Participant: 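Right, I'll just put the structure down here and ask away after.
Both counts, for ligands and for their atoms, begin at 1 and track the order of listing. Numbers here simply count residues along the sequence, with the first being 1. Predicted, not measured: the structure shown is a model, and the values here were computed from it.
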Amino acid sequence: MSGQINAFEMAQKQFDGVAKQLKLDPGVAEVLRWPMREFSFRIPVRLDDGSLRVFQGFRVQHNDARGPNKGGIRFAANETMDTVRALATWMTWKCAVADIPLGGGKGGIIVDPSTLTVNEKEEMCRGWVRAMWKNIGPRNDVPAPDIGTTPQMMGWMMDEYSRLVGQYTPGVFTGKPLGGGGSLGRTEATGYGVIYTVREAMKHLNIDSKNSVAAIQGFGNVSQYAAAGFVEMLGGTVACVSCYDRHEKKAFTYSKKGGIDPRFLLTIVDEYGTIDKAKAQDAGYTVEDGDAWITKEANVLIPAAMEGQVTADTVNKMSKNIKIVAEGANGPCTPEADEYFKKNNIFDIPDFLCNAGGVTTSYFEQVQNDMNFYWSKDEVLGRLDEKMTSAFNGVVERSEKEKVYMRDAAYMVAIDRVVKAMELRGWLTGNA
Ligand code: NAD
């Protein structure tokens, strides 16, 4: 989280608002406002030049009433304990709304991974596990990749854990590489999950998907498969995608008359989500400023790049025909944008529902690891569709019943499920 915004204060504020609407017992609310466990530790790493450096590591376990904690590990220079607390809290709500039997966790190391050699990265990963191994595991906390960490890193971490416990334990980390315990369908999962929720929203609002047009921000993991899914599953048109060009250090919007071709763009995008501008122009794409994506004529808006993109300023630039906003990214819409959506009757699919396809498929990966039996891609995606559809319908139902905005309804569903699990386990009676 950049600037002066404290992500954890924001997470607590969002929770407090819904806890009040739910008339949650103040003691119960106090349990959920804070993570249950927090780990802060130092990781000594021998660098390739022979020097020894010590890095700061974190793991936060917010709430595991519904099952083992789940959440990524970030390697980032601006990582803070409060960021990790916030992300762990949001993971509790995301797992609960998707109704997967997991809690919320998050971890990290304060480091810019681009400054490390491959050896140093591996040492860092193994060091994180040596610090945490007694407090993670398939039955208590299952980390995954996040910003600055990769499937290969999860492979090293799983290996270190397996050595320490003395047995092959692939289910301790998810997001592992295919062939190294990873699951088919994980790459597509978040983007396709976004599209499953958009499809359900269209049914709910009686919108014809074949005549629909989406404007998408980003062309990374989430947005690539959201774009492909919008065209291939819904029969719609994608007016544009955008990306941050890491060579020119500037964002651009890519559009084409009649709609972009996501599969073509997939052949000219690099692993960081930067589209090859010259090749796109050769293929007849119009390249405009990064901000242009939000102004395109469309009825579906999919911000799937980063946080804080649909704001008090940019929301006014949106096409007046937008009927659905599908939050592929985490936190892409500010509270001011929410107010605009409410006033203009725009249907918002909140982030922790819309992009829950990633964690849901991570859960499937863990299940496959536990069984040592691997599913086909169709089976993974079929189960994902079922989970996302049912999560979406649960939130819509709550939103209609309580006459509340979709984001609040999603919080209500999630908080209720976590409170119920705590009650059933006897955590709230004082005897546990
Ligand atoms: P990514 O790094 O693969 O892709 C990000 C894309 O956004 C890239 O194309 C990048 O160029 C583009 N981008 C960055 N800054 C931009 C800007 N200013 N304007 C336009 N485009 C810009 O990331 P991702 O995995 O696709 O994640 C995107 C968002 O979705 C993040 O908020 C992430 O936390 C969230 N998310 C991801 C997953 C997942 O499984 N990958 C799951 C849940 C949530």
Side-chain angles (χ1 to χ4, degrees), residues 1-2 7 70-74 76 83 86-87 90-91 93-95 97-98 106 108 113-114 144-151 154 174-175 182-183 185-194 197 215-228 240-255 260 262 265-266 268-277 280 287-294 296 301-311 314 326-333 349-365 384 388:
M1 186 67 57
S2 59
K70 182 94 198 78
I73 298 176
R74 282 188 174 182
T83 313
L87 293 164
W90 284 323
M91 283 307 293
W93 311 136
K94 190 182 291 197
C95 293
V97 87
K106 209 77 180 190
S114 69
D146 201 284
I147 292 172
T149 48
T150 61
M154 296 305 112
T174 61
S183 172
R186 176 63 186 89
T187 310
E188 298 86 348
T190 311
Y192 281 6
V194 167
T197 64
I216 300 182
Q217 188 187 35
F219 202 61
N221 177 254
V222 180
S223 30
Q224 287 167 5
Y225 291 96
C240 67
V241 293
S242 69
C243 74
Y244 180 78
D245 190 308
R246 62 194 182 90
H247 312 291
E248 296 193 33
K249 307 214 173 317
K250 191 176 175 318
F252 293 107
T253 299
Y254 292 81
S255 60
I260 62 125
L265 290 179
L266 270 169
I268 60 163
V269 68
D270 70 14
E271 60 183 303
Y272 304 99
T274 296
I275 294 170
D276 186 321
K277 198 165 138 201
V287 183
E288 294 164 88
D289 197 71
D291 296 340
W293 77 281
I294 204 168
K296 293 287 166 197
L301 196 75
I302 308 183
M306 56 196 294
E307 74 275 5
Q309 296 302 295
V310 188
T311 64
T314 60
E327 298 183 355
N330 283 320
C333 302
I349 312 172
D351 50 4
F352 67 96
L353 167 65
C354 191
N355 67 33
V359 73
T360 303
T361 309
S362 274
Y363 162 60
F364 294 158
E365 178 179 333
L384 175 65
M388 295 297 295

Participant: For the residue pair Y244 and T274, what are the closest heavy atoms and their distance?
Facilitator: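 In terms of heavy atoms, the two residues are closest at O-OG1, 2.9 Å.
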Participant: Quick one: salt bridge (Lys or Arg N to Asp or Glu O under 4.0 Å) partners of D245, sequence neighbours excluded?
Facilitator: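 Checked D245 against salt bridge (Lys or Arg N to Asp or Glu O under 4.0 Å); zero matches.
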Participant: Apply salt bridge (Lys or Arg N to Asp or Glu O under 4.0 Å) to D291 and list each qualifying residue two or more places apart in sequence or on a separate chain.
Facilitator: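 If we apply the salt bridge (Lys or Arg N to Asp or Glu O under 4.0 Å) test to D291, skipping adjacent residues, there are no hits.
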Participant: According to salt bridge (Lys or Arg N to Asp or Glu O under 4.0 Å), who are the partners of E271, at least two apart in sequence or on a separate chain?
Facilitator: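 So E271 forms no salt bridge (Lys or Arg N to Asp or Glu O under 4.0 Å) with any residue.
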Participant: Who are the residue neighbours of ligand 1 when the rule is a heavy atom under 4.0 Å from any of its atoms?
Facilitator: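 K94, R186, T190, Q217, G218, F219, G220, N221, V222, S242, C243, Y244, A251, Y272, G273, A304, A305, M306, G328, A329, N330, N355.
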Participant: Could you tell me the separation between the OH atom of Y254 and the CD atom of E288, rounded to the nearest 0.5 Å?
Facilitator: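 Taking OH in Y254 and CD in E288, the distance rounds to 11.5 Å.
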Participant: Give me the atom names and distance for the closest heavy-atom approach of K70 to S362.
Facilitator: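 Answer, listing the atom of K70 first, then S362: CE-CB, 3.6 Å.
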